[in-house]
Amino acid sequence: MTIFGKKSEPLAVYDDITTGLKEVYKRHLLPLEKEYKFHEIQSPMLEDPDFDGKPLVMLIGQYSTGKTTFIRYLLERDFPGMRIGPEPTTDNFHIISHAEEEGKIPGNVLAVDSSKPFRHLQQFGGTFLTRFESSQTNAEVLKSVTILDTPGVLAGEKQLVNRGYEFTGVLKWFAERADRIILLFDAHKLDISDEFKSAIQAIRKNEDKIRIVLNKADMMTHQQLMRVYGALMWSLARILQNPEVSRVYVGSFWNQPLLYEGNRELFEVEQDDLFDDLQALPRFAIVRRLNDLIKRAKSAKVNALIVSHLKSQMPMMGKEGKKKDLIKNLSDVFQTIQNVHGVPAADFPDVENMKEKLRKQDFTKFPAFEKNLIARVDKMLSEDIPRIMNLLPGEEQEKNRQGLGAIKGGVFEKVAMPYGKGIDAGIGENIWIVTRDKAKYDEVFSSLEQQNGKVTGRVARDELVKSKLSNNVLGKIWRLADHDQDGLLDNEEFALAMHLIKVKCEGSQIPDELPAHLIPPSQRNED
């Protein structure tokens, strides 16, 4: 009880993050959205499946860029409805999810299933729903993630064909709910069509989720690839309008022999980086939902300010004319709100899209500014969200304990060849890799002052510093080489130290712990 006799609202207790997000959304944010027509103007209402679903990976690209082949490469198996060809073969929005039995579900069924997050797709009409389907297959990868294959974006005269539904609107809807968006480009077809440009601009506000892939790069020489890479970066900079250079992953994501092998090592490193990013999605899915809810709350607040401001400008007479004038000068309206309320310009919605939505609204039915609703959302952001975030470490530990923190199966089950470079050289070999140069190292060892067949740190230092490596690096090498931790180096440990120096001087990193394949043979039985 406060001093004024008003009862303060008790702090809510949340058992887990997902439940907490559902509750704070329904209690604090949803009333603001409903009051100011956020669902009609900006984005549909969130439902429980929007919080519960697996991470969603969305693929977008022009036709014949290898989207479906990329999915097959991830899963390492075919799936129902898979079609691959040089022309536009994927003409549907195609969800690929996990089930014990293979099958397909049509879009009209998906859109009425309350257990799935697709009910709001009904707003795009029956034509779209006939172009929407789900395939289910028993792939290990899909136990942790769901994949969306989109229709090949059209180019040339094909762009003139009317799809019968709002293509970019559907892309935007899925992009807002996706955890990762992969933009695929064909190294041989860099021309970005008008439809593809519109598609990229529709998802641009989700730039933190976008990963760009230059596919089919093995069909080019190194020089050709560099030219294509530069041209793609230039084109994307103009469309994304981002001062920062986007990371482009280069490779050929299929199981066919490479045409030009000169870039094999580059492709392997790029593939590992991209798949490591995808593999961690289950671990960061909850963080992404937290982030998306915060962004949605900011958008809902801005929407409330816009709607209430438009309401305040409506006269008693000449309402329709005033409405047209406000829509025409919507940029000025945004500027006024920005100045009065201190809202950053980046938080406002797209002007042209907002104009289109407002033309369908009756401004006289808009509500006036309600400070209490805004205050409830501010309280959610300042109190409830931080308390929910405190649950993150515990949930992450539990996920990792259960083995649910990363995608498993398919291409993510990395099987390394018994070959490596740098510190990995010798992995999988029966012979200790240091043995190759051990005779040379033994000659040096024999020339040093020894105590019972071992050299002290003082003696070893005089030899190791000849490498001109820093004391910090040499100290790390000494710690790894002195595997039995007796403060001395025998002939095997000394050879290991010289091998690690060689690895470092050739440009590789020294690990924090000694890999199993580098442990001296005489000490392996002790571990």
Side-chain angles (χ1 to χ4, degrees), residues 6 8-9 21 24-46 172 175-176 201-202 204-208 241-243 289-316 318-389:
K6 185 178 178 181
S8 60
E9 187 177 342
L21 291 178
V24 298
Y25 172 70
K26 292 173 182 176
R27 184 185 307 157
H28 299 294
L29 185 53
L30 186 57
L32 180 72
E33 293 183 352
K34 287 182 174 179
E35 179 70 12
Y36 292 97
K37 301 184 180 295
F38 184 79
H39 305 145
E40 299 173 35
I41 300 173
Q42 299 288 350
S43 180
M45 183 179 77
L46 295 180
K172 182 181 177 183
E176 290 173 351
Q201 289 175 336
R204 193 173 62 197
K205 285 210 168 184
N206 301 280
E207 60 186 356
D208 57 317
Q241 298 177 1
N242 191 338
R289 291 191 176 103
L290 256 171
N291 184 54
D292 283 357
L293 189 65
I294 293 170
K295 288 197 297 184
R296 186 182 179 95
K298 291 180 179 178
S299 295
K301 286 174 62 179
V302 172
N303 181 75
L305 293 174
I306 294 170
V307 168
S308 59
H309 178 83
L310 294 174
K311 168 69 174 180
S312 69
Q313 299 301 305
M314 294 303 289
M316 293 296 294
K319 295 182 177 63
E320 195 59 34
K322 185 61 176 178
K323 173 184 173 180
K324 291 179 180 178
D325 184 60
L326 287 169
I327 293 175
K328 180 181 178 181
N329 299 296
L330 192 60
S331 297
D332 295 335
V333 172
F334 285 5
Q335 187 64 52
T336 300
I337 295 171
Q338 185 179 344
N339 295 336
V340 173
H341 297 279
V343 179
D347 288 354
F348 285 88
D350 179 76
V351 174
E352 295 305 319
N353 186 51
M354 191 70 173
K355 285 180 179 181
E356 190 65 32
K357 295 293 179 67
L358 288 175
R359 289 189 181 100
K360 304 172 185 176
Q361 299 294 323
D362 184 352
F363 288 13
T364 61
K365 294 182 179 178
F366 281 170
F369 182 72
E370 178 58 59
K371 190 175 181 179
N372 290 337
L373 289 176
I374 299 287
R376 289 173 66 178
V377 174
D378 288 336
K379 179 178 179 294
M380 178 192 85
L381 294 173
S382 62
E383 296 181 12
D384 292 274
I385 293 297
R387 286 193 295 111
I388 291 175
M389 290 178 68

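This chain uses plain numbering: 1 for the first residue, then up along the sequence. We use all heavy atoms of the structure for the numbers below, so side chains are in, but hydrogens, waters and symmetry mates are not.
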Would you tabulate the side-chain donor-acceptor contacts of residues 325-333 under 3.5 Å, counting partners in other chains and residues two or more places apart, or write 'none'?
unit_1	atom_1	unit_2	atom_2	d
Asp325	OD1	Asn329	ND2	3.1
Asn329	ND2	Asp325	O	3.0

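Here side-chain hydrogen bond (donor to acceptor under 3.5 Å, both in side chains) pairs that include residues 333-344, with residues two or more places apart or in two chains, are Gln335-Asn339. For residues 296-310, every residue pair satisfying the salt bridge (charged side-chain N to carboxylate O under 4.0 Å, His left out) rule, not counting sequence neighbours, is listed here: Glu33-Arg296, Lys301-Asp378. The side-chain hydrogen bond (donor to acceptor under 3.5 Å, both in side chains) contacts involving residues 353-363 comprise Glu40-Gln361, Glu356-Arg359, Asp362-Thr364, where partners must be two or more places apart or lie in separate chains.
Side-chain N or O atoms of Arg376 include one that pairs as donor or acceptor with a backbone N or O of Arg27 at under 3.5 Å. When atom types are taken as modelled, the side chain of Lys37 and the backbone of Lys34 share no donor-acceptor pair closer than 3.5 angstrom.
Contact of the Leu381 side chain with the Ile294 side chain is registered, since non-hydrogen atoms from C-beta on lie closer than 4.5 Å. Side-chain contact between Val343 and Phe334 is absent, with no heavy atoms from C-beta onward closer than 4.5 Å. Counting only heavy atoms from C-beta outward, the side chains of Asp208 and Lys295 approach each other to under 4.5 Å. Between Leu30 and His39 the shortest side-chain heavy-atom distance falls below 4.5 Å. A 4.5 Å side-chain heavy-atom check between Leu310 and Leu358 finds at least one atom pair inside the cut-off. The shortest distance between side-chain heavy atoms of Ile337 and Val302 does not fall below 4.5 Å.
Residues satisfying the salt bridge (charged side-chain N to carboxylate O under 4.0 Å, His left out) test with Lys323, not counting sequence neighbours, are none. With sequence neighbours excluded, the residues forming a side chain to side chain contact (heavy atoms under 4.5 Å, CB included) with Asn303 are Tyr36, Phe38, Ile41, Gln42, Val307, Met354, listed by chain and number.
Nearest approach of Ser308 to Ala368, heavy atoms of both residues: CB-C, 4.0 Å. Closest non-hydrogen pair, Glu176 versus Ser43, comes out as OE1-OG, 3.5 Å.
Ion pairing between Asp292 and Arg289 fails under the 4.0 Å rule for side-chain N and carboxylate O.
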